[in-house]
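Only one structure is covered here, and it is reproduced in the block below.
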Amino acid sequence: MPRHQHPPSPPPLRVFPARPAYMVRSALICLALLVLSILPARAGQPLLVTDLETTTGPGPLALTISVSRKPDVMRTFLLKEPARLVLDMSPARLAGGTRSLAGGLALIHGVRAAQHDPRTVRVVFDLKADVTHRLESRPDSAGRGGHQIVISISPADQDLASPVSAPAQEASQPGGSSVAASTPQADAAPSASEAAKPSGNKIILFGQTKSAEQPAATPSPWGDFELSGFLAAKASQELVEDEYPEQARGFRNTVRVEGKWMPPLPANEVRDASGTYLLASAQSDYLGFGPDPSDDDHDLDLFEAYVHHAAPGWELRAGRQIVRWGKTDQISPLDNLNPQDMREFFIPDLEERKLPNWMTRARVFPRDAGPLGAIALEAVFIPFFRENEYDWTGNTWALLGVEDTGLRIDKDEPGKSLDNSDYGLRAAATIAGWDLAVSWLQATEKTPRLRMDPFNPKGPTLQADYGRQNIFGFEFETTLEKFGFRGEAAYSDLQSVNTEDFDPVSPPVSYWVVGLDYIGEADWYANVQLSHQHLFEYDEDTLFLKRDNFYLNGELNKEFWRGNFMLKLRYAVDIQDGGSFLTPEAILTYFKNLELSLGTNLFFGPRDSLFGRYRDNDQVFLQATYRF
């Protein structure tokens with residue numbers, strides 16, 4: 001996807017005249033996608049869905065879902081042929097591995113949970129008969145931390161009189177009911193088990209757990225420890241191997257293991273919803289291109305490692321971590337705290353590209369916010385600079401192309417001093433169903449500006465340095481019946497952009513994005529986002545950017561086979577230059593803990609456009625991801 005920080009551009013020799021035919025075709029693609037992607041899921045920071053328990057007895061069948069915090073939005077509705085009761089939670093992420101549910105329950109055949117779209121977890125109860133149900137949200141009664149969602153199910157001829165109790169606000173929606181709780185944002189940094197997930201479907205069959213009559217496990221004097229992770233392998237092949245020298249095949253293998261330790265609690269003390277814990281993960285990542293790879297890369301490194309402590313009204317997290325600002329997907333002008341892995345350009349999803357950095361984050365939640373409702377104040381401090389990760393030459397996606405240009409590259413990175421540290425402030429509030437936030441960040445750019453020095457005594461040299469910028473931001477989010485509406489806007493007093501003669505300019509830039517999501521009751525999801533970037537001091541030699549740049553991006557997907565199979569289309573269109581990028585994909589999640597994806601990456605547009613310069617790099621890919 002296009003981003004607010006465009007990577008340095010290849011040399012002018014790769015730039016060719018535009019073709020009007022591509023502009024016409026991309027305009028038609030843009031129009032078609034607008035028709036398909038009828039409007040957008042709530043995009044707040046995700047809660048984590050971790051477990052489900054069933055309780056049987058003389059009363060209603062009760063199913064308890066464990067989540068990391070109080071939900072923002074819950075919505076239930078009934079489907080027929082076959083009969084199903086559906087619970088949607090957003091924003092939410094699904095954690096854990098695949099398990100099975102033993103049969104024998106009176107009213108249901110089984111329970112399935114899915115990452116219905118990138119921000120919504122859907123739990124489906126396969127029904128044996130018509131039912132009535134009641135939904136509740138409450139603190140975790142077992143003292144394990146977090147929150148619980150309890151859905152009670154009875155035959156349709158029995159009455160469930162108790163109303164939904166815990167959420168702060170309630171509003172009915174066509175086809176079902178929804179519940180919105182006015183709460184501060186939860187942690188944005190995904191764990192290992194969730195961060196590497198593609199935005200496609202995930203199915204879990206929850207195992208039969210202890211009934212209410214069974215005693216709870218005795219707490220360990222050493223505290224609690226959780227281990228999770230994933231193994232992913234992806235192979236790609238270009239659809240057409242032309243006469244240009246290139247690395248037409250690629251292979252990537254990533255293994256990440258994450259451990260989370262929660263210290264023991266004093267007697268009779270209940271663990272807080274976010275509590276105190278230590279999290280650490282290690283990652284092995286191999287990325288190679290062929291034939292005859294010239295730039296294979298393997299890293300074995302610490303990924304995230306931080307300590308988290310929460311007390312009533314405040315929390316502190318320090319260490320190597322990922323922190324998310326902003327509300328939108330793929331194009332996020334406010335998501336500038338962490339660098340990204342750009343070695344495959346924008347092919348991987350944004351959440352997969354994020355790289356952790358050493359930082360400290362503090363948040364405060366005032367108890368009495370007055371007319372503003374729930375508010376949260378946040379401060380971040382990043383002492384050490386880390387740039388975006390990319391290759392200069394040697395493969396299809398390298399900044400300067402496959403072949404070595406012979407240029408010396410002299411990088412002038414910021415020194416490790418307080419003057420070069422990044423720091424920012426953010427204030428968020430919930431007002432009348434709207435999540436609003438304002439922010440300020442002073443940071444070093446993650447992508448270098450490039451300047452040519454042909455007269456360097458050591459030979460022609462490409463100078464790379466990094467500018468400092470102030471970014472002022474505003475973000476919002478709300479729900480409109482079956483739709484979500486969200487967006488963000490940023491103003492930067494400096495953003496470096498490269499020119500055809502490698503004489504970079506650094507104009508002030510404004511960038512806004514608005515998006516709509518639609519969560520369908522017939523297993524459809526559609527998302528569309530429109531963005532506009534404006535350069536206030538425009539240079540006609542600027543590469544790939546106009547004075548005003550408009551992008552359209554989003555996703556369309558449909559589930560089949562009770563959620564075990566999904567067809568998905570991810571898209572981006574450069575409206576100004578006529579280029580586009582499409583990723584149609586088929587995702588299978590039938591096998592335990594395993595997700596298989598088969599798809600293609602297709603590029604269109606003139607060669608001097610952001611997407612068109614890769615139009616000879618269309619590829620097919622196969623990816624397998626195993627989670628534990």
Side-chain angles (χ1 to χ4, degrees), residues 44-51 66-72 91 93 95 139-148 183-195 219-228 257-282 302-325 337-338 354 356-369 374-384 421-428 437 439 441:
Q45 304 305 331
L47 59 85
L48 194 61
V49 180
T50 56
D51 203 0
S66 297
V67 295
S68 61
R69 66 175 176 88
K70 193 174 184 179
D72 288 351
R93 290 276 187 178
D140 189 345
S141 59
R144 294 169 296 186
H147 235 71
Q148 292 179 332
T183 59
Q185 294 185 110
D187 296 337
S191 66
S193 61
E194 62 173 286
S220 168
W222 305 102
D224 297 322
F225 181 77
E226 299 174 358
L227 186 68
S228 61
V257 179
E258 177 183 282
K260 180 180 179 181
W261 176 74
M262 293 163 284
L265 295 173
N268 301 322
E269 183 173 331
V270 177
R271 193 179 299 279
D272 181 76
S274 49
T276 299
Y277 59 87
L278 177 67
L279 183 144
S281 58
L302 183 70
F303 194 73
E304 287 188 287
Y306 59 82
V307 60
H308 176 97
H309 176 72
W314 65 276
E315 69 177 30
L316 180 68
R317 176 180 292 182
R320 190 176 168 96
Q321 56 186 297
I322 295 174
V323 175
R324 173 80 155 90
W325 282 6
L337 297 175
N338 292 91
K354 301 294 283 296
N357 203 2
W358 295 100
M359 71 176 76
T360 298
R361 184 189 69 174
R363 299 201 296 173
V364 178
F365 311 104
R367 294 185 178 181
D368 185 6
I375 68 173
L377 306 176
E378 180 176 354
V380 295
F381 174 69
I382 307 173
F384 308 124
S421 301
D422 297 351
Y423 38 86
L425 300 171
R426 183 173 181 268
S439 60
L441 176 69

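Distance check, rounded to the nearest 0.5 Å: CD1 of I382 to CG of N338 gives 6.5 Å. One distance of note links NZ of K354 with CZ of R324; it measures 6.0 Å at 0.5 Å rounding. Remark: R361 CZ to E315 CD distance equals 5.5 Å, nearest 0.5 Å. Atom NE2 of H309 sits about 12.0 Å away from atom OH of Y277, to the nearest 0.5 Å. Here L377 contributes atom CG and W314 contributes atom CH2; the two are 14.5 Å apart, rounded to the nearest 0.5 Å.
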Test side chain to side chain contact (heavy atoms under 4.5 Å, CB included) applied to M262 and E226, step by step: CA-CA 9 Å; M262 293 163 284; E226 299 174 358; 3.5 Å; yes
Verdict with reasoning, E378 to V323, per side chain to side chain contact (heavy atoms under 4.5 Å, CB included): CA-CA 11 Å; E378 180 176 354; V323 175; 3.9 Å; yes
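Considering all non-hydrogen atoms of both residues, N357 and F384 come closest at ND2-O, 3.3 Å. For the residue pair V364 and P366, the shortest heavy atom distance occurs at O-CD, 3.5 Å. Taking every heavy atom of both residues into account, E258 and E304 meet most closely at OE1-OE1, 4.4 Å. Heavy-atom minimum distance, L441 versus Y423: CD1-O, 3.4 Å. Summarising the geometry of W358 relative to R320, their closest heavy-atom pair is CE3-N, 3.3 Å, with the distance given to 0.1 Å. Of all heavy-atom pairs between P383 and M359, the closest is CD-CA, 4.2 Å.
Residues D422 and L337 have side chains not in contact (no heavy-atom distance under 4.5 Å, counting atoms from C-beta outward).
Counting only distance, with no hydrogens or angles, the side chain of W261 and the backbone of A280 share no donor-acceptor pair below 3.5 Å.
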